[in-house]
Amino acid sequence: MFLQLEKQIQSAFREALTLRFGVDAEIVLEQPKQASFGEMAVPVAFQLARSLKQPPKKIAAELVEAVGDIPGVAAMEVAGNGYINLRLDRGAMAAGLLNPSGEATAAIPGKTIVEHTNINPNKAAHIGHLRNAVLGDTFVRMLRARGNTVEVQNYIDNTGVQVADVVVGFHFLEKKSPADVAALIAERRFDYTCWDLYARTSQYYKDHPESLAWRAEVLHGVEAGSGELAELGHLVADAIVNLHLATMLRLNVQYDVLPRESEILHLKFWAAAFELLKERKAIYFEEEGKNAGCWVMPSSAFRGSDEANEDSKVIVRSNGTVTYVGKDIAYQLWKFGLLGKDFFYRTLIEYTDGKKIWVSTDQEQPAGAPAFGRGSMVYNVIDTRQSYLQDVVVAGLRALGFDDQANKSIHFSYEMVALSPRCCADLGIELSEEDAKRPYVEVSGRKGLGVKADDLMDKLVETAFGEVASRHPEDNEAAQLAVATEIAMGALRYFLLKFTRNTVIAFDFQEALSFVGETGPYVQYAAVRARKIFRKLEDRGEAVPDFRTALTTEAMARQLAPGDKNDELWQILMSAARADAVVDRAVAAGEPAQVAKYAFQLAQTFNIFYDAFPVLAEPDAERKLFLLWVNQYLALQLERTLSVLGIAVPAYM
RNA sequence: GGGCGCGUAGCUCAGUUGGAUAGAGCACCGGCCUUCUAAGCCGGUGGUCGCAGGUUCGAAUCCUGCCGCGCCUACCA
């Protein structure tokens, strides 16, 4: 609705601009600071003041005159130092909201790949991983809401150092056989077992540096692909991947495909990329210095041409093995369909809605897998600490001559989740004097320092359950638990989304467990209340009207005719109408927090409406009909926005 | 040392890309449940936008220099 009107307004202004002043300029529309100023503001007069050498106010006045009437715009006035404020035709606008003119978001050509989660499959997921997954999943939902075709990838580093370290723990420290480990996997929370074991192994390396030879031995065994060590590696990684998927499913996060490092190795993805890199001279063999014997990428490729030349980046180690960055370059090439190779795929699990997760495999499979990869745009959701490595990957693409794809490789970076000092105290973690003075403490898997994702979710569910049970003692426990779970997950997703990407979250239980104020449950509560009005209406034996036939444009115009209460309703409708534009802007900015912020504001708007307009008690028939529709529209926009955030609307609260 | 980021109310954070009187939540103080659920609503207290310059009609926002903090700067990922 807005988008169409905005375009009309922009072209009308542009035309008037050339006609009157003989200049062309992009017309930016903004929301006025105060609702009383109108619905839209055009600040273009400020822009032109310098080049035209005229005061903004004068330009604005002349421009208003030149523009004349625009359909859908009721009035234009010059305000402040040169703002042009627009007031829309309320009746027409409201009728447009009731009967959308089929301007459904057009399908956007091409496929966007979003890679997120990417947790090392060697221990339980923690809050930092949750931020990644929720950020990625929400961005996917935003893109899809805008009409993009999106493929969600979750890369599994199942042959890396971290998995190897847990295998070291089982094999060398605990003397466990694959059968012993399989038995452990069958028990509950194998990922928690590995969490502790990983920390123990890391400590053991510290105390016995010579034991690092074990890691090399395991890595070798895992890469060979056979033998007991390889078997252990597979057992651990596969089991933990399944647990991670279950953890993320609790938060409503799903994936399309899991490309694994084991296949990148076995299907010789790296070998293909290596040949390409050598052939196009993107990397060279270092003969001297500390990187002698390695294949390296010169720092000039990814650091700009500054004098302060840093070290080159090692891509292939002197022992012939490839670094993670090397494999990532191969993977990135595959994502764009530039490698000339593909994985084989098999179904890993099927979600209850019928959607499947596919996983890469090195064995040929019967046909049936969708076509993965070959994206036209790639977003990699990876924390900001890896910016340097992501720069190297993009530089690799560029050095290979794939400039276009390099430009379409977006590092969707975000800051880490750290622990507040109070949170550490809650967890019983003792901090060094130095750490205690810091505003936050970094999570460390090696030290076993962190809040496990499932623990946090359990705690949230428990807290929410207490609230639900006390408010609705009449309901059965299973239903209470279902509602509590939706509230808990809504609270968690919102908590992780309300911060902008480059804000460090200093995690604090008290804040994360809050259900009041700017939280997910606040927004859910608004949606629940809106639905409740219709249920109550039906309880009273009244049907929900068919608004499209019952509400005429004239009735809308009457109900919105200027006046205190009507102005308020008009503002309410206008904030609800912004939903699509907000998602649009948030996609462009790459900032899911903007959608979260809007959801909260819309919930606030609803609560104001709820408080100021007792819908069911309204005596006037037309007024009541109109208020019911406003309520329905608010409910619709709230639910749509919540769904973009991946937050459910509980049956009651 | 170099690269990236941050510094806004007591606390945690927004700030629509340079615009109108700098906002929200929490905390604190005071009101509102016989009326669609108070996980709510209304009102109040609270600001040298780190500091100093500069750019211009106009700066929390852009530039320069300081101060403080964080992350990165591996033949780990």
Side-chain angles (χ1 to χ4, degrees), chain A residues 28 30-34 37 41 43 46-47 49-50 55-56 79-83 85 118 120 157 160-162 165 215 290-296 303-304 306 308-311 313-319 321-325 327-328 383-389 391 413 415-416 418 420 438-440 442 446 464 467-468 471-472 487 491 498-500 502-506 508 510-511 514-519 521-522 524-526 528-530 532-537 539-540 581-582 585-586 589 593-594 597 600-601 604 607-608 610-618 631 652-653:
Chain A
V28 179
E30 40 181 67
Q31 220 192 324
K33 197 85 181 166
Q34 278 180 43
F37 291 161
F46 297 110
Q47 240 172 285
R50 196 167 317 159
N81 290 325
Y83 276 98
N85 291 334
N118 300 5
N120 267 300
D157 183 5
V161 171
Q162 294 210 21
D165 285 345
R215 177 192 277 172
K290 64 173 190 170
N291 291 333
C294 299
W295 285 88
V296 302
R303 276 279 161 85
D306 286 24
N309 227 356
E310 295 285 319
D311 291 342
K313 179 66 197 169
V314 171
I315 305 296
V316 180
R317 304 183 185 100
S318 52
N319 68 4
T321 58
V322 58
T323 59
Y324 173 81
V325 186
K327 284 178 262 192
D328 216 15
D383 80 78
T384 186
R385 289 172 290 189
Q386 296 192 42
S387 296
Y388 162 68
L389 298 180
D391 288 349
S413 69
E415 265 292 354
M416 62 182 168
S420 71
R438 295 168 189 266
Y440 48 78
E442 199 173 344
R446 282 177 209 285
E467 296 286 335
V468 173
R471 282 160 214 250
H472 300 276
I487 292 170
K498 72 194 244 188
F499 301 93
T500 49
N502 56 10
T503 297
V504 177
I505 300 180
D508 185 286
Q510 199 168 308
E511 272 179 63
S514 170
F515 298 152
V516 300
E518 196 198 337
T519 66
Y522 177 93
Q524 290 174 310
Y525 186 57
V528 166
R529 284 174 131 186
K532 183 72 180 290
I533 290 177
F534 285 107
R535 207 175 319 136
K536 207 80 180 179
L537 185 75
D539 286 350
R540 295 181 182 184
V582 167
R585 202 188 59 198
Q594 291 180 3
K597 223 39 178 207
F600 173 65
Q601 284 162 1
Q604 270 184 325
N607 279 328
I608 291 166
Y610 184 90
D611 199 68
F613 299 91
V615 179
L616 298 181
E618 174 58 45
N631 183 67
Y652 58 80
M653 281 180 79

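Chain naming here is simple, since letters A, B, ... match the order of the sequence lines and numbering starts at 1 in each. Quick caveat, the model's predicted, so the values are computed rather than measured.
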Can you check the distance between [N] and [M], where both ends of the measurement are the [atom1] atom (answer in whole Å)?
| N | M | atom1 | answer |
| --- | --- | --- | --- |
| B:C63 | B:C4 | P | 12 Å |
| B:C6 | B:G15 | C1' | 16 Å |
| B:C67 | B:A52 | P | 15 Å |
| B:G23 | B:U64 | P | 30 Å |
| B:G50 | B:U45 | C1' | 25 Å |
| B:G46 | B:A24 | C1' | 14 Å |
| B:A22 | B:G44 | P | 16 Å |
| B:C49 | B:G31 | C1' | 33 Å |

Checking contacts here: which listed nucleotide ([options]) is nearest the side-chain heavy atoms of [X]?
| X | options | result |
| --- | --- | --- |
| A:Arg529 | B:A38, B:C72, B:A74 | B:A38 |
| A:Val468 | B:C36, B:A39, B:G70 | B:A39 |
| A:Pro439 | B:A39, B:C41, B:C69 | B:C69 |
| A:Tyr440 | B:A14, B:C75, B:G70 | B:G70 |
| A:Gln604 | B:G25, B:A77, B:A20 | B:G25 |
| A:Thr323 | B:C75, B:A38, B:C41 | B:C75 |
| A:Val516 | B:A39, B:C36, B:U12 | B:A39 |
| A:Tyr525 | B:A77, B:U37, B:C41 | B:U37 |

Across the strands shown, which category fits [X] at heavy-atom distances under 4.0 angstrom: base, sugar-phosphate, nothing?
| X | value |
| --- | --- |
| A:Val161 | sugar-phosphate |
| A:Asp157 | sugar-phosphate |
| A:Glu442 | sugar-phosphate |
| A:Ile608 | sugar-phosphate |
| A:Ala418 | nothing |
| A:Ala491 | nothing |
| A:Arg215 | nothing |
| A:Val325 | nothing |
| A:Arg385 | sugar-phosphate |
| A:Ile487 | base |
| A:Asn120 | sugar-phosphate |
| A:Pro43 | nothing |
| A:Phe499 | sugar-phosphate |
| A:Phe600 | sugar-phosphate |

Let's test your reading of the model: under 3.5 Å, does the base of B:A20 pair with the side chain of A:Asn85 as donor and acceptor? yes

Any N/O donor-acceptor pair, A:Ser318 side-chain to B:C75 base, under 3.5 Å: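 Counting by modelled atom types and ignoring angles, a donor-acceptor contact under 3.5 Å is found here.
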
Any donor-acceptor pair under 3.5 Å linking the side chain of A:Asn291 with the backbone of A:Cys294?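 Absent.
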
Run the side chain to side chain contact (heavy atoms under 4.5 Å, CB included) test on A:Met653 and A:Val468 for me, step by step, so that the C-alpha distance in whole Å, both residues' side-chain angles and the decisive distance to 0.1 Å come before the verdict. CA-CA 7 Å; A:Met653 281 180 79; A:Val468 173; over 6 Å; no

If you compare all heavy atoms of [X] against all heavy atoms of [Y], which two are closest, and at what distance to 0.1 Å?
| X | Y | value |
| --- | --- | --- |
| A:Phe46 | A:Gly82 | CZ-N, 3.8 Å |
| A:Phe515 | A:Ala464 | CE1-CA, 3.6 Å |
| A:Ser514 | A:Thr519 | O-CG2, 3.5 Å |
| A:Pro32 | A:Phe37 | CB-CB, 3.7 Å |

More than 12 heavy atoms of other groups within 6.0 Å of A:Gln510 CD: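 No, because the 6.0 Å sphere around CD of A:Gln510 holds 12 heavy atoms or fewer from other groups.
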
Does B:C33 count as syn, meaning its glycosidic angle lies within 90° of 0, or as anti?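 Base orientation: syn.
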
Per the glycosidic torsion and the 90° limit around 0, nucleotide B:U17 is syn

In whole angstrom, what separates A:Lys327's NZ from B:C75's P?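 Rounded to whole Å, this separation is 15 Å.
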
Could you state the atom-to-atom distance from CD of A:Glu30 to P of B:U17 in whole Å? 6 Å

Salt bridge (charged side-chain N to carboxylate O under 4.0 Å, His left out) against A:Glu415, all qualifying residues, sequence neighbours excluded: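 Testing A:Glu415 for salt bridge (charged side-chain N to carboxylate O under 4.0 Å, His left out), a comparison that skips the adjacent residues, returns none.
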
In B/S/- notation (B base, S sugar-phosphate only, - none; protein heavy atoms under 4.0 Å), nucleotides 28-33 of chain B written 5' to 3' is ------

Determine, for A:Arg385 against A:Glu442, whether the closest basic-nitrogen to carboxylate-oxygen distance falls under 4.0 angstrom. yes

For [X], what residues pass the ring pair (Phe, Tyr, Trp, His ring centres under 6.0 Å) criterion, not counting sequence neighbours?
| X | answer |
| --- | --- |
| A:Tyr610 | A:Phe606 |
| A:Tyr324 | none |
| A:Phe534 | none |

So what stems show up for RNA chain B if we need 3 or more Watson-Crick or G-U pairs in a row, all under 3.5 Å?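 The stems are B:1-7 with B:67-73, B:10-13 with B:23-26, B:28-32 with B:40-44, B:50-54 with B:62-66.
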
Any [X] side-chain nitrogen or oxygen under 4.0 Å from OP1 or OP2 of [N]:
| X | N | value |
| --- | --- | --- |
| A:Tyr324 | B:A77 | no |
| A:Asn319 | B:C75 | no |
| A:Lys532 | B:U37 | yes |
| A:Tyr522 | B:C41 | yes |
| A:Arg438 | B:G70 | yes |
| A:Asn502 | B:C6 | yes |
| A:Arg585 | B:U17 | no |
| A:Arg471 | B:U37 | no |
| A:Lys536 | B:C36 | no |
| A:Thr503 | B:G5 | no |

A:Tyr440 side chain reached by A:Met416 side chain, heavy atoms, under 4.5 Å: yes

